[in-house]
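Down below is the structure, laid out as structure tokens.
Residue indices begin at 1 and follow the sequence shown.
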Amino acid sequence: MSSDPAPQTTGSRLLLVRHAKAVPKGDPAEDFERALGERGRADAPRTGRWLAENGYKPDLALCSPSRRTRQTWQLLVPALADPPDAVYDERLYDAPPNTLVTVLAERGAGLGCLALVGHNTGIHELATALCGSGPQELLEQLRDGFPTSGVVVVDLPGGWEDLAPGRGRLTALWAPAH
């Protein structure tokens, strides 16, 4: 997967981060408390390093309050030189794309770059719906899936008002290699 970051010119930037690999699913009632597995605990810091090395600096992090998303954020933060505040919003837990858009629009006002740490399938559906342009190779990779600990960088030229299907540009896509 490519990691060719482009400088942000105008508008807003969205860093979509899928939580790291969690322990296998068990009782559905316990899904919220699923922790990261060994691979997830190793991959999340790599995600933080990738963000830092490529100059991605979120102004705010929005995070699902589930255990695995909180752990992902907490493990990637040490790599960031100037980590942003994190907001744990219960609406982000296993949310569909329209709910993610609502929360992003509410929280993004006045900010240049937001990070969203969330879950599949919603975060993958949001990424594919937003990205109407970008390098063809990256768009094809994104259609194929959104791996755990992965990052999708979406630029919104018109700012948060462009948080609509097809209005974003896929700038970078990265995931730990296994």
Side-chain angles (χ1 to χ4, degrees), residues 1-9 11-23 34-88 92 100 104 107-108 111-131 133-157 163 168-178:
M1 295 194 180
S2 176
S3 62
D4 294 333
Q8 183 179 356
T9 50
S12 301
R13 174 167 280 166
L14 179 57
L15 308 173
L16 297 170
V17 179
R18 182 174 173 202
H19 68 75
K21 186 79 173 167
V23 296
R34 281 176 49 219
L36 294 183
E38 185 177 336
R39 188 175 112 198
R41 289 190 306 274
D43 285 349
R46 294 172 63 197
T47 301
R49 286 192 298 276
W50 183 84
L51 288 167
E53 289 165 3
N54 288 283
Y56 295 115
K57 298 175 183 175
D59 299 310
L60 180 67
L62 301 173
C63 190
S64 162
S66 76
R67 186 173 180 190
R68 60 193 177 276
T69 47
R70 285 182 288 131
Q71 288 178 324
T72 299
W73 177 248
Q74 290 158 0
L75 288 169
L76 73 77
V77 159
L80 305 179
D82 187 18
D85 290 335
V87 173
Y88 298 94
L92 299 175
L100 298 175
L104 288 165
R107 302 283 191 170
L111 300 177
C113 183
L114 281 178
L116 172 64
V117 183
H119 306 265
N120 256 3
T121 59
I123 199 167
H124 182 230
E125 291 170 355
L126 175 63
T128 55
L130 286 177
C131 293
S133 64
Q136 195 59 40
E137 176 188 342
L138 292 185
L139 290 166
E140 289 172 12
Q141 287 175 2
L142 177 59
R143 276 193 291 276
D144 288 344
F146 195 150
T148 54
S149 297
V151 180
V152 172
V153 180
V154 183
D155 283 339
L156 302 164
L163 208 52
R169 175 173 175 73
L170 178 57
T171 301
L173 183 128
W174 178 88
H178 291 283

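Atom CG of D144 sits in a crowded spot, with more than 12 heavy atoms from other residues, nucleotides or ligands closer than 6.0 Å. Taking a 6.0 Å sphere around CD of Q136, one finds it holds more than 12 heavy atoms contributed by other residues, nucleotides or ligands.
R18 and I123 get closest at one heavy-atom pair: N-CD1, 4.3 Å. Minimum heavy-atom separation, A22 to R34: CB-NH2, 3.4 Å. Nearest heavy-atom pair, A20 versus T148, reported as atom, atom and distance to 0.1 Å: C-CB, 3.9 Å. When every heavy atom of L138 is checked against every heavy atom of A172, the shortest pair comes out as CD1-CA, 4.1 Å. Across all their heavy atoms, L114 and P58 have their closest contact at C-CB, 4.3 Å. Taking both residues in full, the closest heavy atoms of P83 and V77 are given as CB-CG1, 3.7 Å, listed atom of the first, atom of the second, then distance.
Within the 4.5 Å cutoff, no side-chain heavy atoms of P147 are placed close to those of H124. Side-chain contact between C63 and L92 is absent, with no heavy atoms from C-beta onward closer than 4.5 Å. Within the 4.5 Å cutoff, the side chain of K57 has no heavy atoms near those of the L80 side chain. Under the 4.5 Å side-chain criterion, counting only non-hydrogen atoms from C-beta, L130 is in contact with L14. Contact check for E137 versus E140: no side-chain heavy atoms found under the 4.5 Å cut-off. Between D59 and P84 the shortest side-chain heavy-atom distance does not fall below 4.5 Å. When side chains are defined from C-beta on, S149 does not count as touching R46, because their heavy atoms never get closer than 4.5 Å.
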Using the rule given for side-chain contact (heavy atoms from CB on, under 4.5 Å), can you reason through W174 versus V153, listing the C-alpha separation, both sets of side-chain angles and the distance that settles it, and then say yes or no?
CA-CA 9 Å; W174 178 88; V153 180; over 6 Å; no

What's the verdict on side-chain contact (heavy atoms from CB on, under 4.5 Å) for F146 and L16, showing C-alpha distance, side-chain angles and the deciding distance?
CA-CA 10 Å; F146 195 150; L16 297 170; 4.1 Å; yes

Could you give me the CA-CA distance, side-chain angles and deciding distance for V117 and R70, then say whether side-chain contact (heavy atoms from CB on, under 4.5 Å) is met?
CA-CA 8 Å; V117 183; R70 285 182 288 131; over 6 Å; no

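Proximity of a side-chain donor or acceptor of S12 to a complementary backbone N or O of L156 within less than 3.5 Å is not detected. Panel note: side chain R68, backbone L36; no donor-acceptor pair is recorded below 3.5 Å.
Rounding to the nearest 0.5 Å gives a distance of 13.5 Å between NE2 of H19 and CZ of R67. Note: L76 CG to T47 OG1 = 6.5 Å, rounded to the nearest 0.5 Å. Summarising the geometry, atom CZ belonging to R13 is positioned 11.0 Å from atom CZ belonging to R169; distances are rounded to the nearest 0.5 Å. Remark: L60 CG to L116 CG distance equals 10.5 Å, nearest 0.5 Å. Residue T128 holds its OG1 atom at 8.0 Å from CG of L126, rounded to the nearest 0.5 Å.
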